[in-house]
There are 2 protein chains.
Amino acid sequence: MNTVTHQGIREAIRARIVAGEWALGELIPGEVELAAEYDCSRTTVNRALQALSNEGIVERKRKGGTRVRPLPTAQAKLRIPIIREQIEGSGRDYDHRIISRKRIAPHVRIRQQLGIPGLETAAYVETLHLADNLAFAFERRWVNLATVPEFEAADLKELSANEWLVRKVPFSRGEVILTASAADSQLAEMLSTNVGEPLFTMTRATWFEQRPVTAMELFHAPGHEMSFAV
Amino acid sequence: MNTVTHQGIREAIRARIVAGEWALGELIPGEVELAAEYDCSRTTVNRALQALSNEGIVERKRKGGTRVRPLPTAQAKLRIPIIREQIEGSGRDYDHRIISRKRIAPHVRIRQQLGIPGLETAAYVETLHLADNLAFAFERRWVNLATVPEFEAADLKELSANEWLVRKVPFSRGEVILTASAADSQLAEMLSTNVGEPLFTMTRATWFEQRPVTAMELFHAPGHEMSFAV
DNA sequence: GAGTGGTCTAGACCACGGT
DNA sequence: CCGTGGTCTAGACCACTCA
């Protein structure tokens, strides 16, 4: 294999930036120059610089050249796994219980987020997710039956609503909101804690090609953390 | 310009996957075949498929071919902006107040996260961040003076500790933890709320080349949300 | 062993955007 | 205008991994 790889060049240039060879906002050499320096083709340098641009380390402009970003923004790829995988991935046993299942219209906030103007038929499911038989998170979910009518007949004992939907509508796009909320009486009971306790909360709305699919509120047990590297 | 671009092919293949042309986990045609189909070079198809692989839409293995991911994981690029930019970006005025500035050792939890074994000299700063003169977030920060001795003399009136450090150590790597915590008496006073109120909290530890730089806890005012698209 | 993805190269043309 | 990045191509070799 060639000893000069785009990854190698990318890391070499990153190291030079980190070392402070160029100041914040300063222009770095052009692709042809770097290609000569590393004795490789311009294509390879181009790939390396595009990767750094994606990471937000440098900014590139035609004719303007490539410069170190003036104020780098910390960023990370955040993965939102299926709850079962998240729990099993940490070596615990996953289980879930359907607490309630009805047909009621979503409340205003949910309708707004989903972009549903009036009252559409929606299935409502409450699920308690367990890790090693301890409460892990409580989920309130609305499913738009106009988009996914089959959901009404779905067996949620084996597959949670979450997983059922992922298999049914795998590539839906969504919006996620993270916040902290206080436990109401139902949440306190479900998560074995006290009313008012701070809960790390994730709200998600998903669409499949403009059509609302589902919205959910996921309340994690007290002390839950979400961590990632930047 | 050529009408066949790697982006175009990427979106075309994505559309075929979303449309369900291949089942979850199923093998899709090889690069040569797709190149013939789209009448372009294999290099171009390769780029398109690598992008989809990065997104987690497909999985690729040498000899094994490319297949649709069995259970796609929702993922998003999460950007953690400088607080001032975050506030100004939403059209509000940013300001900050230094509430306290001392030299005290970080508490155990912070030392563990930073990987500092004993008690190292650290500067401690409390900052209240304001948006349109309303409390936005309260920050408790430790700065390792062994790594950044200049911090002790830094003027934090113009530049917040956050921003000062970003300029001084621009490309540090870090670990971020998101959680919900209850307001203690100081937080309640600072954020004009009640003790016990749920606060969306971000903890960050950053290093520059193995050396601990800083750790901070950022408590957002009640109701704060962090949203992003998936 | 053989098929598939991973990558490099050299050359080419184009698009954007300062001068 | 013209320099810089963005992209495509055709061919080549390599590395991994399944059969």
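As the structure is a computational prediction, the values presented were derived from the model and not from experiment. Chain naming here is simple, since letters A, B, ... match the order of the sequence lines and numbering starts at 1 in each.
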Practice prompt. Mind running a 4.0 Å heavy-atom check of residues 34-44 of chain A against DNA chain C and sending the residues that fall below it, in number order?
Written response: A:C40, A:S41, A:R42, A:T43, A:T44

Worksheet entry | Neighbours of DNA chain C within residues 20-31 of chain B, by heavy-atom distance under 4.0 Å | B:G30, B:E31

Worksheet entry | Heavy-atom closest pair, residues A:F208 and A:V213 | N-CG2, 3.4 Å

Discussion item. How many whole angstroms separate atom CG of A:L49 from atom C1' of D:dT4?
Written reply: 12 Å

Practice prompt. Answer with base, sugar-phosphate or nothing: what part of the nucleic acid does A:E33 contact at a heavy-atom distance below 4.0 Å?
Written response: nothing

Worksheet item: For A:R69, which residues count as a side-chain hydrogen bond (donor to acceptor under 3.5 Å, both in side chains) partner, sequence neighbours excluded?
Response: none

Item to complete: Might you point out which heavy atoms bring A:P106 and A:W142 nearest each other, and give the distance in Å?
Response: CA-NE1, 3.1 Å

Item to complete: For C:dT7, take OP1 and OP2 only and decide whether either is under 4.0 Å from a side-chain N or O of B:Q50.
Response: yes

Discussion item. Restricting to non-hydrogen atoms, name the atom on A:W207 and the atom on A:Q113 that form the minimum distance, rounded to 0.1 Å.
Written reply: CZ2-O, 3.1 Å

Item to complete: Take atom CD1 of A:I13 and atom P of D:dG5, then tell me their distance rounded to the nearest Å.
Response: 11 Å

Item to complete: Quickly work out the B:R47 CZ to C:dG5 P distance and round it to whole Å.
Response: 18 Å

Worksheet item: For the ring pair A:F136 and A:H220, is the centre-to-centre distance below 6.0 Å?
Response: yes

Practice prompt. Please report the C-alpha distance between B:E55 and B:R14 in whole Å, then the side-chain angles of each, then the deciding distance to 0.1 Å, and finally whether the side chain to side chain contact (heavy atoms under 4.5 Å, CB included) criterion is met.
Written response: CA-CA 11 Å; B:E55 284 184 55; B:R14 189 209 305 282; 2.7 Å; yes

Fill in: Those residues of residues 52-70 of chain A lying under 4.0 Å from DNA chain C by at least one heavy atom
A:K61, A:R62, A:K63

Would you mind writing out the side-chain donor-acceptor pairs for residues 153-166 of chain B within the sub-3.5 Å range, not counting sequence neighbours?
{"from": "B:D155", "atom 1": "OD1", "to": "B:K157", "atom 2": "N", "distance (Å)": "3.0"}
{"from": "B:S160", "atom 1": "OG", "to": "B:E163", "atom 2": "N", "distance (Å)": "3.3"}
{"from": "B:E163", "atom 1": "OE1", "to": "B:R84", "atom 2": "NE", "distance (Å)": "3.0"}
{"from": "B:E163", "atom 1": "OE2", "to": "B:R84", "atom 2": "NE", "distance (Å)": "3.0"}
{"from": "B:E163", "atom 1": "OE2", "to": "B:R84", "atom 2": "NH2", "distance (Å)": "2.5"}
{"from": "B:E163", "atom 1": "OE2", "to": "B:R167", "atom 2": "NH2", "distance (Å)": "3.3"}

Item to complete: Could you tell me whether the phosphate oxygens of C:dG5, OP1 or OP2, come under 4.0 Å of any side-chain nitrogen or oxygen in B:N46?
Response: no

Worksheet item: What salt bridge (Lys or Arg N to Asp or Glu O under 4.0 Å) pairs are there with at least one residue in residues 34-50 of chain A, not counting sequence neighbours?
Response: A:R16-A:E37, A:E31-A:R42

Fill in: Check: A:R141/A:T214 side-chain N/O donor and acceptor closer than 3.5 Å
yes

Item to complete: Using distance alone, with no hydrogens and no angle criterion, decide if B:Q50 and B:N46 have a side-chain donor and acceptor under 3.5 Å apart.
Response: yes

Worksheet item: Measuring from A:L178:CG to A:M202:CE, what's the distance to the nearest 0.5 Å?
Response: 5.0 Å

